[in-house]
Amino acid sequence: MVEHRRRAVGDLRRRAPRPTPYLHGAPRLPFLFISVHSPSKGLTEDEALLVEALSGVPAWVDTIVVHPDTISDPRLYRRLGRRLAIENMDRRKQAGHTAEDLEAVFAELPEARLCLDFAHAKDVDPTLAVAADLLQRFASRLSHVHLSSLDEARHHITLTDEDQLLFRPFLDRCRDVPWILEARPPW
């Protein structure tokens, strides 16, 4: 077990800082909003090292999205300020689904914003009452939305016609924030 953790921390040390030099050297992208996603799988230790790497993301990146279940010590993330966006989770995760779940995270991270993933909200509650509650309680924190559908294995797929109709009333309330299409195009 100790060797596994040591190896995972070593992998993190090799992987986590790499996006920073890439982003610093990358050509400017022709988008009005740039978001990066923090690693969310296979993290076992050394959260401080991860947050240090995230802090090095260039200033032209608007938002750094983090899954709430990867946060062990919220104090470490405070340095990301308003660039930090907490994403609501699907049922695969044990927490981070509802406004109540995220209220505790936001209490620890007062400047953090919300990345509202509609496919995750639908997975938790097909009526989208969860999405309505998230929008009502955290409208002032809304950074951007993730827009897609989920397949049976809960992989993000291109937005279905059914989900377009279901999400439409909520998306009307999100016109002033960026929408990220979180799936491969159908072609």
Side-chain angles (χ1 to χ4, degrees), residues 12 15-41 43 47-90 93 96-97 99 101-122 130-131 133-150 156 158-159 167-168 170-185:
L12 179 60
R15 284 189 320 230
R18 287 187 184 182
T20 302
Y22 169 77
L23 289 171
H24 281 289
R28 287 301 195 122
L29 299 171
F31 301 109
L32 298 176
F33 181 82
I34 305 291
S35 175
V36 297
H37 206 298
S38 175
S40 61
K41 296 177 182 166
L43 301 177
E47 189 172 18
L49 178 64
L50 173 62
V51 175
E52 180 70 30
L54 295 174
S55 296
V57 169
W60 54 265
V61 172
D62 299 288
T63 304
I64 301 167
V65 177
V66 175
H67 287 181
D69 65 309
T70 65
I71 299 174
S72 296
D73 185 352
R75 294 170 301 168
L76 295 171
Y77 292 84
R78 288 182 187 152
R79 67 194 287 188
L80 299 177
R82 289 190 44 78
R83 291 176 74 194
L84 176 62
I86 306 300
E87 182 178 3
N88 61 301
M89 297 287 91
D90 62 29
K93 306 291 182 154
H97 309 130
D101 292 346
L102 296 182
E103 184 73 49
V105 177
F106 289 134
E108 292 286 335
L109 298 165
E111 292 186 72
R113 294 185 292 163
L114 171 67
C115 169
L116 178 54
D117 189 309
F118 279 96
H120 290 174
K122 180 186 174 197
V130 164
D133 194 28
L134 287 166
L135 274 173
Q136 180 178 341
R137 292 191 39 197
F138 303 123
S140 65
R141 291 184 181 269
L142 188 61
S143 165
H144 62 288
V145 300
H146 283 175
L147 198 52
S148 68
S149 294
L150 296 179
H156 289 279
T158 303
L159 191 62
F167 298 165
R168 182 176 292 158
F170 301 98
L171 291 171
D172 283 342
R173 296 172 54 192
C174 301
R175 290 181 185 269
D176 59 341
V177 298
W179 299 3
I180 294 180
L181 305 177
E182 200 179 32
R184 294 176 192 242

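- You'll find the side chain of Tyr77 stays beyond 4.5 Å of the side chain of Ser38, heavy atoms only.
- Of all non-hydrogen atoms in Trp179 and Cys174, the two that sit nearest each other are NE1-O, 2.9 Å.
- The aromatic rings of His144 and Phe33 sit tilted, their planes meeting at an angle between 30° and 60°.
- With contacts defined as side-chain heavy-atom distances shorter than 4.5 Å, the pair Leu109/Ile71 qualifies.
- Put simply, the side chain of Asp117 never gets that close to the backbone of Asn88: no donor and acceptor are under 3.5 Å apart.
- Here the side chain of Glu47 pairs no donor or acceptor atom with the backbone of Leu76 at under 3.5 angstrom.
- Among all heavy-atom pairs drawn from Asp101 and Gly96, the shortest one is OD2-N, 3.1 Å.
- Counting only distance, with no hydrogens or angles, the side chain of Thr158 and the backbone of Arg184 share a donor-acceptor pair below 3.5 Å.
- Taking the six-membered ring where tryptophan is involved, the planes of His156 and His120 are tilted, since the angle between them lies from 30° to 60°.
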(message) Does Ser149 form a side-chain contact (heavy atoms from CB on, under 4.5 Å) with Leu159? I'd like the steps, not just the answer.
(response) CA-CA 5 Å; Ser149 294; Leu159 191 62; 3.7 Å; yes

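- For Leu181, the side chain to side chain contact (heavy atoms under 4.5 Å, CB included) criterion is met by Leu147, not counting sequence neighbours.
- Arg113 contributes a side-chain N or O that, together with a main-chain N or O of Arg82, makes up a donor-acceptor pair within less than 3.5 Å.
- Rounded to the nearest 0.5 angstrom, Ile180 CD1 and Leu116 CG are separated by 12.0 Å.
- For the residue pair Glu103 and Arg137, the shortest heavy atom distance occurs at OE1-NH2, 3.0 Å.
- Side-chain contact between Ser143 and Val177 is absent, with no heavy atoms from C-beta onward closer than 4.5 Å.
- The distance from atom CG of Leu134 to atom CG of Leu142, rounded to the nearest 0.5 Å, is 9.5 Å.
- For Glu52 and Arg79, the salt-bridge test passes: some basic side-chain N is under 4.0 Å from an acidic carboxylate O.
- Pro68 is listed as a side-chain neighbour of Leu102, based on a closest heavy-atom distance under 4.5 Å.
- Here Glu108 pairs with Arg78 in a salt bridge; the nearest charged N to carboxylate O distance falls below 4.0 Å.
- Looking at Leu171 and Phe118, their side chains come closer than 4.5 Å, going by heavy atoms from C-beta outward.
- Ionic pairing of Lys93 and Asp90 is not present here: no N-O contact between side-chain nitrogen and carboxylate oxygen is shorter than 4.0 angstrom.
- A 4.5 Å side-chain heavy-atom check between Val57 and Arg83 finds at least one atom pair inside the cut-off.
- In terms of heavy atoms, Ile64 sits closest to Leu80 at CD1-CD2, 4.2 Å.
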(request) Please test Ser35 against Asp62 for side-chain contact (heavy atoms from CB on, under 4.5 Å), starting from the C-alpha separation and ending with a verdict. (result) CA-CA 6 Å; Ser35 175; Asp62 299 288; over 6 Å; no

